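Remarks on the structure that follows.
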Amino acid sequence: MADYFRDDCLQGKVVFVSGGSSGINLGIAQQFAAKGARLMLFSRTEDKLRAAAQTITETGGTALWAAGDVRDWEAVRAALARCHVELGPLDVVLSGAAGNFLAPVTGLSSNGFKTVIDIDLLGTYNVLKHSYEYLQRPGASLISITAPQAVMPMAEQAHAGAAKAGINMLTKVLAREWGPEGVRVNAISPGFIADTEGTARLVDTAEKSVALLKSIPLGRLGEKNEIADMALFLCSDNARYVTGSIFDCDGGYVLGTA
Ligand code: NAP
Ligand code: COA
């Protein structure tokens, strides 16, 4: 994989993005396409996928899409198999599909907890495990999207915190198991990113918004393109000796307040 400072650094590379139809993951997909990658976007809602792919194709990029649920083992397998047939061996896999809501444990049913574990953690497992068969090795790079809740206990986030903590460990275990084959496995932990569903769901009052900004050392929300820059670095040659790492990209939010 070429130097990430070059405009064509992902020319001809094949990238699969779960949860690629909106938000942070779409921002990453768009930046990867601008650097020459050919993409397959995978998530549940066809209309969102069609519109997302169009934002890439109308600027000259290549983006296929497949609709399915990351909890559905067979749907994930079929999408990755199609990606392999239509685009070729996989260079980069981004596992970013997730679901979240605020709920204290007293307001969370067993199925509510399971739903987020299944989408975030089992979904990431399904995507990474099925990807293995189609990886371009050595050189393939797998990136999962985790969150500060994984390491920072956050009220009303037992489900998401547990799921993302699982993703962090899965990242490290797979880095050990697949490293000898030249496959790198890392994760990015975005902080609160502007204009995203995730932030809208967690920061749902003006008071929370004011308090949040005070708790971020850099004093502002992040931008989708700042997460995309981190992802681009991680899948480039510049990160060729980096695996099993969780990268905070959060303006210092995870440091907490003294
Ligand atoms: P978003 O726009 O809602 O993105 C979620 C994506 O996942 C959508 O494409 C959604 O499409 C897809 N998805 C959800 N459930 C799915 C399922 N069961 N199967 C397949 N696809 C599914 O949210 P976002 O805020 O940008 O979050 C993107 C990622 O960043 C997530 O992993 C999130 O945990 C992480 N993150 C976000 C923030 C933030 O500030 N926003 C902070 C830390 C981490 P469909 O609903 O159509 O399936
Ligand atoms: N508080 C407490 N429980 C909730 C809840 C909330 N706000 N929202 C959903 N649940 C519970 C439901 O009550 C249900 O449990 P039950 O069967 O015991 O009643 C369980 O979660 C599953 O809900 P359902 O709506 O069937 O799940 P789904 O698979 O259709 O959708 C969600 C998954 C709930 C995560 C949905 O919000 C979603 O699709 N989100 C994707 C977008 C997103 O969250 N983006 C931000 C990414 S960080």
Side-chain angles (χ1 to χ4, degrees), residues 16-30 40-53 55 65-73 75-76 79 94-127 143-152 154 156-168 187-204 209 212 216 220-228 230-231 246-251 253-254:
F16 183 91
V17 184
S18 78
S21 64
S22 60
I24 292 172
N25 306 316
L26 176 57
I28 295 171
Q30 288 166 332
M40 175 167 273
L41 311 178
F42 179 80
S43 59
R44 292 170 302 178
T45 316
E46 288 197 9
D47 289 348
K48 277 176 65 180
L49 281 162
R50 193 175 290 109
T55 67
W65 56 268
D69 195 311
V70 286
R71 292 168 286 189
D72 181 341
W73 174 250
V76 175
L94 185 96
S95 174
N100 199 8
F101 46 79
L102 283 174
V105 169
T106 48
L108 188 62
S109 67
S110 173
N111 189 44
F113 185 81
K114 179 178 183 298
T115 295
V116 172
I117 297 289
D118 283 357
I119 299 173
D120 294 22
L121 179 55
L122 179 65
T124 293
Y125 175 84
N126 288 344
V127 168
I143 303 169
S144 295
I145 304 296
T146 181
Q149 293 92 309
V151 295
M152 201 183 185
M154 213 180 275
E156 303 187 47
Q157 285 289 275
H159 43 307
K164 296 294 194 180
I167 290 176
N168 289 7
I188 300 173
S189 180
F192 287 87
I193 306 304
D195 302 320
T196 62
E197 187 64 24
T199 293
R201 287 182 180 217
L202 298 193
V203 191
D204 55 355
S209 180
L212 172 65
I216 301 172
R220 63 171 177 83
L221 300 184
E223 302 291 334
K224 287 171 229 168
N225 63 22
E226 292 169 330
I227 306 303
M230 175 69 85
I246 315 294
F247 285 82
D248 298 320
C249 189
D250 64 358
Y253 173 74
V254 80

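On a predicted model such as this, the values are computed, not experimentally measured, just so you know. Excluded from the calculations below are hydrogen atoms, water molecules and symmetry mates; all remaining heavy atoms, backbone and side chain alike, are included. Just follow the structure's listing: the first ligand is 1, and inside any ligand the first atom is 1.
- In terms of modelled atom types and a separation under 3.5 Å, the side chain of Lys224 and the main chain of Asp195 share a donor-acceptor contact.
- In terms of protein heavy-atom proximity, atom 28 (C) of ligand 1 is closest to Asn25 ND2, 3.6 Å.
- Residue Ile188 comes nearest to Cys249 through the heavy atom pair CG2-CB, 4.3 Å, listed as atom of the first residue, atom of the second, then distance.
- Residues Leu41 and Ser21 are not in side-chain contact: their nearest non-hydrogen atoms beyond the backbone lie 4.5 Å or more apart.
- For ligand 1, the polar-atom distance check against Thr146 finds no nitrogen or oxygen pair separated by under 3.5 Å.
- Heavy-atom proximity to Gly68, at under 4.0 Å, picks out these atoms of ligand 1: 19 (N), 20 (C).
- Counting non-hydrogen atoms of neighbouring residues, nucleotides and ligands closer than 6.0 angstrom, the CG atom of Asp72 exceeds 12 such neighbours.
- For ligand 1, the atoms lying closer than 4.0 Å to a non-hydrogen atom of Ala147 are 43 (C), 44 (C).
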Please determine whether side-chain contact (heavy atoms from CB on, under 4.5 Å) holds for the pair Leu221 and Leu212, giving the CA-CA distance in whole Å, both sets of side-chain angles, and the decisive distance to 0.1 Å.
CA-CA 9 Å; Leu221 300 184; Leu212 172 65; 3.7 Å; yes
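- Asp204 CG to Phe101 CZ: the interatomic distance, rounded to the nearest 0.5 Å, is 13.5 Å.
- Remark: ligand 1 atoms within the under-4.0 Å shell around heavy atoms of Gly198 are 25 (O), 41 (N).
- In the candidate list Ala160, Gly96, Ala200, Gly96 is nearest to atom 32 (O) of ligand 1, counting heavy atoms.
- A distance-only check finds no donor-acceptor pair linking the side chain of Asp120 to the backbone of Ala163 [under 3.5 Å].
- Contact of the His159 side chain with the Thr115 side chain is not registered, since no non-hydrogen atoms from C-beta on lie closer than 4.5 Å.
- Under 4.0 angstrom from ligand 1, the non-hydrogen atoms of Ile119 all belong to its side chain.
- The proximity of Leu26 to ligand 1, defined as any non-hydrogen pair under 4.0 Å, does not occur for either the backbone or the side chain.
- The nearest non-hydrogen atom to atom 20 (C) of ligand 1, considering only Ile24, Thr199, Val70, comes from Val70.
- For the pair Lys48 (side chain) and Gly20 (backbone), a donor-acceptor distance under 3.5 Å is absent.
- Counting only non-hydrogen atoms, the option in Ile145, Val203, Asp120, Val76 that gets closest to atom 30 (O) of ligand 1 is Ile145.
- The shortest separation from a heavy atom of Gly191 to ligand 1 is under 4.0 Å, placing the residue in contact.
- Only the side chain of Lys48 comes within contact range of ligand 1, with a heavy atom under 4.0 Å; no backbone atom does.
- Of the candidates Cys249, Ala98, Ala29, the one placing a heavy atom closest to atom 14 (C) of ligand 1 is Ala98.
- The residue from Asn25, Thr124, Thr146 that alone fulfils the side chain to side chain donor-acceptor pair (under 3.5 Å) condition with Ser95 is Thr124.
- Within 4.0 Å of ligand 2, contacts by protein heavy atoms are made from Arg44, Arg71, Ala98, Gly99, Asn100, Phe101, Ala103, Gly107, Ser109, Asn111, Gly112, Thr115, Ile119, Glu197, Gly198, Arg201.
- Below 3.5 Å of separation, one finds an N or O of Gly19 facing an N or O of ligand 1.
- Without hydrogens or angle criteria, Asp69 side chain to Arg44 main chain gives no donor-acceptor distance under 3.5 Å.
- Between Trp65 and Ala53, the shortest heavy-atom contact is CD1-CB, 3.7 Å.
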Show your reasoning for whether side-chain contact (heavy atoms from CB on, under 4.5 Å) applies to Val203 and Ser209.
CA-CA 6 Å; Val203 191; Ser209 180; 3.9 Å; yes
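- In terms of protein heavy-atom proximity, atom 13 (N) of ligand 1 is nearest to Ala97 CB, 4.0 Å.
- The option from Ile193, Val17, Thr115 that lies nearest to atom 40 (O) of ligand 1, judged by heavy atoms, is Ile193.
- Take Phe192 and apply the ring pair (Phe, Tyr, Trp, His ring centres under 6.0 Å) test, not counting sequence neighbours, and it matches Tyr253.
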Go through the steps to decide whether Ile145 and Ile28 satisfy the test side-chain contact (heavy atoms from CB on, under 4.5 Å), and finish with yes or no.
CA-CA 11 Å; Ile145 304 296; Ile28 295 171; 4.1 Å; yes
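- Of all the atoms in ligand 1, the ones that sit under 4.0 Å from a non-hydrogen atom of Phe192 are 40 (O).
- Here the heavy atom of the protein found nearest to atom 41 (N) of ligand 1 is Thr196 OG1, 2.7 Å.
- Atoms of ligand 1 found under 4.0 Å from any heavy atom of Thr45, numbered from 1 in the order shown, are 45 (P), 47 (O).
- Residues Leu94 and Val17 meet the side-chain proximity criterion, which asks for heavy atoms closer than 4.5 Å.
- For atom 16 (C) of ligand 1, the nearest protein heavy atom (residue, atom name, distance) is Arg44 NE, 3.4 Å.
- Asp248 places no side-chain N or O within donor-acceptor distance of the main-chain N or O of Asp250, the cut-off being under 3.5 Å.
- Ligand 1 places these atoms under 4.0 Å from at least one heavy atom of Gly23: 2 (O), 26 (O).
- Of the candidates Ser21, Ser43, Pro190, Ala163, it is Pro190 that places a heavy atom closest to atom 43 (C) of ligand 1.
- Among all protein heavy atoms, the one lying closest to atom 23 (O) of ligand 1 is Glu197 CB, 3.9 Å.
- Below 4.0 Å from some heavy atom of Ser22 lie the following atoms of ligand 1, by number and element: 1 (P), 2 (O), 4 (O), 8 (C), 9 (O).
- Within a 6.0 Å sphere centred on CZ of Phe247, other residues, nucleotides and ligands contribute more than 12 heavy atoms.
- Residue Asp69 holds the heavy atom nearest to atom 18 (N) of ligand 1 of all those in Asp47, Asp69, Ile28.
- When side chains are defined from C-beta on, Leu102 counts as touching Gln157, because their heavy atoms get closer than 4.5 Å.
- For the ligand labelled ligand 1, residue Lys164 lies inside the 4.0 Å heavy-atom shell.
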